[in-house]
Amino acid sequence: MAAAAPKTWTVLDLLRWTTQHFAERGIDTPRLDAECLLAFALGCDRLRLYVDYDKPVDEAERARFRALVRERAQARVPVALLVGTREFWSLSLRVTGDVLVPRPDTETLVAAALDAFPEREAECTVLDVGTGSGAIALALAHERTKARVTATDTSLAALAVAADNAERLGLADRVRFLEGSLFEPVAGERFDLVVSNPPYVAKRDAASLPPELRHEPASALFAGPDGTDVLRAFAAQVFEVVAPGGAVFVELDPAQAPAMSQWFADAGLERVTIHRDAAGRARVVAARRGA
Ligand SMILES: C[S@@+](CC[C@H](N)C(=O)[O-])C[C@H]1O[C@@H](n2cnc3c(N)ncnc32)[C@H](O)[C@@H]1O
């Protein structure tokens, strides 16, 4: 009897099998993750997969893909860390285990901050506290072509990733990177726009968080037992750093929005407003310093 021919795996076979495997493992976006990883393993973009549904995938490509699928399903490594990049505000950012993977929610902050400075060529100064991959700082520098942006972080490793992203996006000449906590690295300076997506997750919730978060730096996520340590310090110190007439925008957990609004008002800031994310949750608190 002739030996059975080895099975030929097509792009579509692999997508179907992996989508089901990811779904059984409790991964939220199984089909999307399967597509991103297969496209990465094959060195093409996701749309190409649809054109190539019936194309056989050779053993070397499958081996590359299998390794990625294992990391995603078993170790629960986020897709962005497996492929090394993440799209944010239509910019492709390099990401590593030293930075928070930029989230779509953070685009709410970028949109709100841009609304406050609607002129594309406005000459403004911007401070991004806790820049991580540089997501917010670079999106703002990209959109406001004359803005001079300062981005700070307590993590030197994160700053190296952010500086590399600035270089790749051709924005390095207008963005400077400084190490230090909160406003320490910019003592004595004032900015028209101060933005931050600081760590705001409650340490007491750590055990119940999705396993993917274990692959991101704890210092980017947690801020004390109830998550407000950095927000509180930020609100208490930010007034002096905002130029008269300037604005401040902070991302947070929706449950923290009322307290943050109060802390901003207590600090002497005015016109405190709340901006909602795509799901309608209070995601950003903003305020102005009187002129
Ligand atoms: C939630 S991540 C945000 C990263 C990035 N801005 C984004 O939106 O994707 C918070 C960042 O703040 C930094 N960080 C934590 N505590 C800080 C502090 N006291 N001062 C400045 N940066 C801090 C962390 O290292 C991390 O990179």
Side-chain angles (χ1 to χ4, degrees), residues 78 80-81 85-114 126-142 149-166 169 171 175-187 189 191 193-203 205-206 209-210 212-224 227-238 241 248-254 256 260 275 277 283-285:
L81 293 182
T85 56
R86 175 56 155 245
E87 188 118 327
F88 179 81
W89 201 262
S90 299
L91 302 173
S92 176
L93 298 176
R94 189 168 75 85
V95 292
T96 71
D98 290 319
V99 298
L100 185 95
V101 175
R103 308 292 205 268
D105 284 345
T106 304
E107 295 187 340
T108 306
L109 184 151
V110 173
L114 290 173
V126 180
L127 172 65
D128 175 23
V129 175
T131 199
S133 63
I136 301 171
L138 298 175
L140 294 175
H142 176 74
V149 180
T150 301
T152 70
D153 209 290
T154 44
S155 161
L156 263 182
L159 287 169
V161 173
D164 182 45
N165 279 324
L169 294 168
L171 296 167
V175 188
R176 67 175 173 157
F177 296 94
L178 303 175
E179 184 204 2
S181 181
L182 289 175
F183 308 109
E184 199 180 78
V186 292
E189 294 184 51
F191 299 84
L193 179 57
V194 179
V195 292
S196 184
N197 172 20
Y200 56 74
V201 180
K203 191 80 191 137
D205 294 340
L209 294 172
E212 278 78 2
L213 294 191
R214 288 198 302 263
H215 298 279
E216 295 178 277
S219 55
L221 296 169
F222 300 109
T228 62
D229 282 8
V230 180
L231 290 170
R232 243 180 245 269
F234 183 97
Q237 297 168 34
V238 70
V241 184
V248 52
F249 292 81
V250 175
E251 178 177 326
L252 35 59
D253 183 282
Q256 298 161 337
M260 191 68 180
H275 299 261
D277 61 22
R283 183 59 67 188
V284 172
V285 175

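Atoms within a ligand are numbered from 1 in the order they appear, just like the ligands themselves.
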Atom indices of ligand 1 within 4.0 angstrom of Gly132 heavy atoms, with elements: 4 (C), 27 (O)
query: Under 4.0 angstrom from ligand 1, any heavy atom of Gly180?
result: yes
field: side chain to side chain contact (heavy atoms under 4.5 Å, CB included) evaluation trace for Val230 with Leu182
entry: CA-CA 8 Å; Val230 180; Leu182 289 175; 4.0 Å; yes
task: For Ser219, take its heavy atoms, then give the atoms of ligand 1 lying under 4.0 Å from any of them.
output: 15 (C), 24 (C)
field: Under 3.5 Å: N/O of Asp128 near N/O of ligand 1
entry: no
task: For ligand 1, note which part of Thr131 has a heavy atom under 4.0 Å away: side chain, backbone, both or neither.
output: backbone
message: So if I apply the side chain to side chain contact (heavy atoms under 4.5 Å, CB included) rule between Leu127 and each of Val149, Val241, Val248, which one comes out positive?
response: Val241
query: Is the shortest N/O to N/O distance between Leu182 and ligand 1 below 3.5 Å?
result: yes
Atom 19 (N) of ligand 1: the protein heavy-atom neighbour that sits closest, reported with distance to 0.1 Å: Ser181 OG, 3.0 Å
Presence of salt bridge, Arg86 and Glu216, under 4.0 angstrom: no
query: Can you tell if the side chain of Pro198 reaches within under 4.5 Å of the side chain of Leu231, non-hydrogen atoms only?
result: yes
query: Would you say Leu93 and Leu169 make side-chain contact, with heavy atoms under 4.5 Å?
result: yes
- request: Answer yes or no: is there a donor N or O on one side and an acceptor on the other, between the side chain of Asn197 and the main chain of Glu251, under 3.5 Å?
  value: no
message: If we ignore hydrogens and angles and just use 3.5 Å, is the side chain of Asp128 paired with the main-chain N or O of Ala151 as donor and acceptor?
response: no
- request: Return yes if some donor-acceptor pair links the side-chain N/O of Arg283 with the main-chain N/O of Leu252 below 3.5 Å, else return no.
  value: yes
N/O separation below 3.5 Å, Arg103 to ligand 1: no
message: Is it the case that ligand 1 has an N or O less than 3.5 angstrom from some N or O of Asp153?
response: yes
- request: Examine the proximity of ligand 1 to Asn197 and report which part, side chain or backbone, both or neither, has a heavy atom under 4.0 Å away.
  value: both
- prompt: Of all the non-hydrogen atoms in the protein, which one sits nearest to atom 1 (C) of ligand 1, and at what distance?
  reply: Ala220 O, 3.0 Å
- line: Counting from 1 in the order shown, the ligand 1 atoms closer than 4.0 Å to a non-hydrogen atom of Thr106 are 8 (O)
- request: Would you mind checking which non-hydrogen protein atom is closest to atom 17 (C) of ligand 1, with the distance to 0.1 Å?
  value: Thr154 OG1, 3.7 Å
query: Any N/O of Gly130 closer than 3.5 Å to an N/O of ligand 1?
result: yes
- request: Kindly compute the distance separating CH2 (Trp89) from CG (Leu138), expressed to the nearest 0.5 Å.
  value: 13.5 Å
